[in-house]
**Student:** 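Mind looking over this structure? Questions follow.
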Amino acid sequence: LLPQKSIKIMSQAAVVNATPQRPRPLTDEEPKIDAALKSFYSWWVATKQQQQQLRQKQQGNGTDNNDTAPWTPQIALSCLRCLSKAINAHIMAISYTKNDKDNKNDELRAKVERVWNEQASTPGIKITKVLGRTCLAVAWETELKKEVARMFLSESASKNNHEEHYILEFFTAFDRLLLLDPNNNDSDNNYNDSDAALIWSADQGQAELARRAAERQALAQKRMQEEKQQQAQQEQELPRIEEITDDE
């Protein structure tokens, strides 16, 4: 039989383990929207620069007939400011009722509405500085996405066709990466899907960058091994003679 003291300790441990953990406040979520917007801007600029370099290379080879005007980081910076301004100015409409409390989605929306509007109404507080992806995704799917779309369309109306194309591209990419799960990166090793981890993961993409570096290294080693095997096979297939003599 166990001593009474041991039984008491085990009972206390069972109570602790059985007690449900309180969910973390929405204001504790990392990264904050502001940091994620900066990460998205960096990702977007790097992506467009790579595309532009590839286009220039193809034009040099005569394989690209695309007449798209050169892209500039200033376009993305203008979009980023527009997006940040819309988020900070947004007030969520209260739509939650007591009858909706059994629906987890409605319950989450109610929490987000309360926290969002509390922060938005506090002087000196910016939504982008205090909230994260969960709140933004809920607000985005209700009314915020439409508001941002209208602002982007208004912004693009004063631009030429090429700049309008990049503005709408920026909006579409942000919408897609916001709604992807940043923690689900290895379903099919999909590179585009894992871009969300660069922006919205709690470590701000460090684990994803390490994964990509390891993947590149593994591919390079595999390529070297295949080249060695191919070279060895070619050497085996060369005709050989035992000895060269001067006799005909």
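Only a predicted model underlies this, so the values are computations on that prediction, with no experimental measurement involved. Values reported hereafter were calculated over all heavy atoms of this structure, with side chains retained and with hydrogens, waters and symmetry mates removed. In this chain, numbering begins with 1 at the start of the sequence shown.
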**Student:** Look at the side chain of T172 and the backbone N and O of L168, then say whether any donor-acceptor pair between them is shorter than 3.5 Å.
**Tutor:**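 Yes.
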**Student:** Are L153 and Y166 connected in the hydrophobic side-chain network, where two residues link if heavy atoms are under 4.5 Å apart?
**Tutor:**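 Looking at the clustering, Y166 is in a separate group from L153.
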**Student:** Do L131 and L136 have side-chain heavy atoms sitting under 4.5 Å apart?
**Tutor:**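 In short, these two side chains do not touch, never coming nearer than 4.5 Å.
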**Student:** To the nearest 0.5 Å, what is the distance between SG (C135) and CD1 (I33)?
**Tutor:**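 C135 SG to I33 CD1: 7.0 Å, rounded to 0.5 Å.
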**Student:** Tell me, which pairs form a side chain to side chain donor-acceptor pair (under 3.5 Å) where one or both residues lie in residues 217-226, sequence neighbours left out?
**Tutor:**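 Every candidate side chain to side chain donor-acceptor pair (under 3.5 Å) pair involving residues 217-226 fails, so no pair, neighbours aside, qualifies.
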**Student:** Using atom types as modelled and distance alone, determine if a side-chain donor or acceptor of K32 lies under 3.5 Å from a backbone N or O of T27.
**Tutor:**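 Confirmed, K32 side chain pairs with T27 backbone.
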**Student:** I want to check something: taking the side chain as every heavy atom from C-beta on, are F171 and C79 in contact at a cut-off of under 4.5 Å?
**Tutor:**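 Side chain of F171 against side chain of C79, heavy atoms only: no contact under 4.5 Å found.
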**Student:** Should S39 and W200 count as side-chain neighbours, where that means a heavy-atom distance under 4.5 Å?
**Tutor:**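 The answer is no, as the side chains (C-beta and beyond) never meet within the 4.5 Å cut-off.
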**Student:** Which residue in the set D203, I199, L198 passes side chain to side chain contact (heavy atoms under 4.5 Å, CB included) when paired with S201?
**Tutor:**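 The single option meeting the side chain to side chain contact (heavy atoms under 4.5 Å, CB included) with S201 is D203.
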**Student:** Closest approach of A197 and P182, non-hydrogen atoms and distance?
**Tutor:**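 In terms of heavy atoms, the two residues are closest at CB-O, 3.3 Å.
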**Student:** Checking S154 side chain against R150 main chain: does a donor-acceptor pair fall under 3.5 Å?
**Tutor:**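 No, S154 side chain to R150 backbone: no donor-acceptor pair under 3.5 Å.
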**Student:** Within this structure, what is the CD-CD distance for the pair Q49 and Q51, rounded to the nearest 0.5 Å?
**Tutor:**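 One finds 10.5 Å between CD of Q49 and CD of Q51.
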**Student:** Report yes or no: do I87 and I125 belong to one cluster of Ile/Leu/Val/Met/Phe/Trp/Tyr joined by side chain heavy-atom distances under 4.5 Å?
**Tutor:**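 Same hydrophobic cluster.
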**Student:** Among K111, E113, M92, which one satisfies side chain to side chain contact (heavy atoms under 4.5 Å, CB included) with V138?
**Tutor:**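 Going through the options one by one, the only one that passes is M92.
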**Student:** Are F170 and F40 close enough that their ring centres sit under 6.0 Å apart?
**Tutor:**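 Close enough - the centres of the two rings lie under 6.0 Å apart.
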**Student:** Following the transitive rule for hydrophobic clusters with a side-chain heavy-atom cut-off under 4.5 Å over Ile, Leu, Val, Met, Phe, Trp and Tyr, establish whether I127 and I91 coincide in one cluster.
**Tutor:**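 Not linked; separate clusters.
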**Student:** What I'd like to find out is whether the side chain of K129 reaches to under 4.5 Å of the side chain of Q119, using heavy atoms alone.
**Tutor:**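 Not in contact.
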**Student:** Less than 4.5 Å apart, any side-chain heavy atom of N117 and any of I94?
**Tutor:**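 Side-chain contact under 4.5 Å: yes.
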**Student:** Please list all pairs meeting side chain to side chain donor-acceptor pair (under 3.5 Å) that have one or both residues in residues 132-148, counting only residues at least two apart or in different chains.
**Tutor:**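 Sorted result for residues 132-148: E29-T134, H90-E147, W140-D175, K145-D175.
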**Student:** Are L77 and F174 connected in the hydrophobic side-chain network, where two residues link if heavy atoms are under 4.5 Å apart?
**Tutor:**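 In one cluster: yes.
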**Student:** Within this structure, what is the NZ-CG distance for the pair K38 and L80, rounded to the nearest 0.5 Å?
**Tutor:**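 Those atoms lie 9.5 Å apart.
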**Student:** So do L54 and Q58 actually touch side chain to side chain, heavy atoms under 4.5 Å?
**Tutor:**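 Side chain of Q58 against side chain of L54, heavy atoms only: contact under 4.5 Å found.
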**Student:** Could you tell me whether R211 and E208 have a side-chain N and a carboxylate O separated by less than 4.0 Å?
**Tutor:**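 Yes, charged N to carboxylate O under 4.0 Å.
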**Student:** Does any part of the side chain of W43, heavy atoms only, come nearer than 4.5 Å to the side chain of L177, both counted from C-beta?
**Tutor:**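 Sidechains of W43 and L177: in contact.
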**Student:** For M151 versus A86, what's the shortest heavy-atom pair and its separation?
**Tutor:**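 Looking at all heavy atoms of both residues, the closest pair is SD-CB, 3.3 Å.
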**Student:** Could you tell me whether a side-chain N or O of S121 sits under 3.5 Å from a main-chain N or O of E118, the two making a donor and an acceptor?
**Tutor:**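 Side chain of S121 to backbone of E118, a donor-acceptor pair under 3.5 Å: yes, one is there.
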**Student:** Hey, could you give me the OH/CZ distance between Y41 and R81, rounded to the nearest 0.5 Å?
**Tutor:**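 Nearest 0.5 Å value for the OH-CZ distance: 8.5 Å.
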